[in-house]
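These notes are about the structure you will find just below.
All values reported here derive from a predicted model rather than from experimental measurement. Every heavy atom of this structure was used, including side-chain atoms; hydrogens, water molecules and symmetry mates were not.
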Amino acid sequence: MHWQKLGHIYTPQNLESKLATHAANPLPVHIGGDLYRVFFSGRDSTQRSSVGYFDFDIVRRKVVGQGDKAVFSFGPAGSFYSHGVSIGCCYEVAGVRYILFMGWHIPEGGHWVGEIGRLRLNEDFSLSLDAEQPALSISADDPVSLSYPWVVRQADGSYRMWYGTTVTWDAGNGEMLHVIGDARSSDGMTWVPEKRYVPFALNVAQAFSRPTIRMSGAGIYQMWFSYRSGSGSTYRIGYAESMNGVDWELKLDQSGIDVSPSGWDSEMIEYPFVLTHVNETYMFYNGNGFGRSGVGLARLQE
């Protein structure tokens, strides 16, 4: 398995004060034909994140438009997303499309905390908050912080979510232990954590984020994700496989993509999003600076 890099497709444009830098966590949503609206999280001068977008022709590999202002912004003081909105995935329930996001806030005198919120993707592609409270909150099961979710509808009509959960901010080597757990839902709205985790190893792969999942032709769950080793390295894109979506095997050396020798993605690569379009599988991803350098595109060669 190998990802052929197709280029650096989008550079942040400093469109307005809320989107001054970064185009992190690219989330492409199909508009029609070969056209996708790619939502992303940009930042203001104080590092608070809001949602912007660009429209992209995936066959011509060309940006054909972009929004000139944030389409959804960080929330008011006291809200669970008061300091930022980092988008995760899009899924459908009863004909309505939703986007899940990591909303984060900084308690007075404390460490920042992430929880998972839900936006409604309206027919005109505008975004609106679906509920003032998180869709998945910190709890006794996940007591520290949560991050980027990915949702798959199962054959029986139920839903499964994979998401990041922090065990500790410092696992003894100066790096957090942030793993990928899963939750289930009968209706796609109310989630129950299962307390099962993708395997991790300190100083090898311990700080995970932004899982993205594809079902192979052989019925194998294929997961790509960002990870840091804990030994001082920057983000890389890793890979895991599962026959049932529950029991995962890490195969970090089989992700098929790495940093480039030079350029916009030479220092780190992270926040993958995998989709299939007209029998081709593509990955949108970020490079240097946690999305500061923009968005790239790769195509799977199997």
Side-chain angles (χ1 to χ4, degrees), residues 1-13 15 19 22-42 51-68 70-72 86-92 97-101 119 121-127 148-153 210-217 221-226 237 239 255-260 263-265 269-288 291-302:
M1 179 167 54
H2 170 71
W3 291 95
Q4 176 193 9
K5 291 183 177 180
L6 301 177
H8 183 194
I9 63 171
Y10 184 76
T11 302
Q13 303 293 309
L15 299 166
L19 302 173
H22 293 72
N25 315 112
L27 168 54
V29 178
H30 194 214
I31 296 175
D34 299 325
L35 192 62
Y36 286 81
R37 176 150 295 179
V38 183
F39 294 101
F40 61 82
S41 293
V51 181
Y53 74 87
F54 62 91
D55 291 336
F56 184 69
D57 187 313
I58 200 168
V59 173
R60 292 192 293 155
R61 301 178 213 162
K62 182 178 180 180
V63 174
V64 297
Q66 65 180 339
D68 60 1
V71 291
F72 188 80
S86 297
I87 48 180
C89 69
C90 183
Y91 71 108
E92 186 172 309
R97 288 188 292 185
Y98 297 96
I99 289 178
L100 294 183
F101 67 95
L119 302 174
L121 177 60
N122 302 308
E123 290 187 6
D124 63 357
F125 277 74
S126 63
L127 301 178
Y148 313 107
W150 184 272
V151 172
V152 173
R153 188 178 186 189
R210 230 274 174 116
T212 178
I213 293 174
R214 168 188 184 249
M215 294 297 295
S216 76
Y221 289 80
Q222 298 179 294
M223 177 190 290
W224 288 267
F225 48 83
S226 315
I237 292 176
Y239 176 72
S255 70
I257 191 168
D258 204 346
V259 293
S260 297
W264 78 278
D265 64 348
I269 51 173
E270 72 279 4
Y271 308 145
F273 189 105
V274 170
L275 64 84
T276 297
H277 178 81
V278 191
N279 301 318
E280 297 277 10
T281 299
Y282 296 92
M283 178 190 289
F284 292 76
Y285 69 99
N286 288 127
N288 303 343
R292 179 179 285 274
S293 65
V295 180
L297 182 70
R299 181 170 56 204
L300 185 61
Q301 309 289 303
E302 293 184 279

Student check: side-chain heavy atoms of Met283 and Ile237 closer than 4.5 Å: yes
Distance, nearest 0.5 Å, that separates CG of Leu35 from NE2 of His30: 7.5 Å
Within 6.0 Å of CD in Glu123, more than 12 heavy atoms from elsewhere: no
4.5 Å side-chain heavy-atom contact, Gln13 and Phe54: no
Pairwise distance CD1(Ile87) to CG(Leu27) - rounded to 0.5 angstrom: 4.5 Å
CG (Asp124) with more than 12 external heavy atoms under 6.0 Å: yes
Ring pair (Phe, Tyr, Trp, His ring centres under 6.0 Å) partner of Tyr285, chosen from Trp264, Phe273, Trp3, Phe40: Trp264
Chi angles and distances behind the salt bridge (charged side-chain N to carboxylate O under 4.0 Å, His left out) call for Glu280, Arg61: CA-CA 13 Å; Glu280 297 277 10; Arg61 301 178 213 162; over 6 Å; no
Sub-4.5 Å side-chain heavy-atom contact between Phe125 and Val29: yes
Contact summary for Thr276 and Tyr36, nearest pair of heavy atoms: O-OH, 4.3 Å
Passing option when Asp34 is tested against His277, Arg60, Lys62 for side-chain hydrogen bond (donor to acceptor under 3.5 Å, both in side chains): His277
Spacing of CG belonging to Asp265 relative to CG belonging to Asp258, to within rounding of 0.5 Å: 9.5 Å
Over-ring placement of Arg210 relative to Tyr271, 6.0 Å and 45° cut-offs: no
Asn288 backbone acceptor or donor facing Ser293 side chain under 3.5 Å: yes
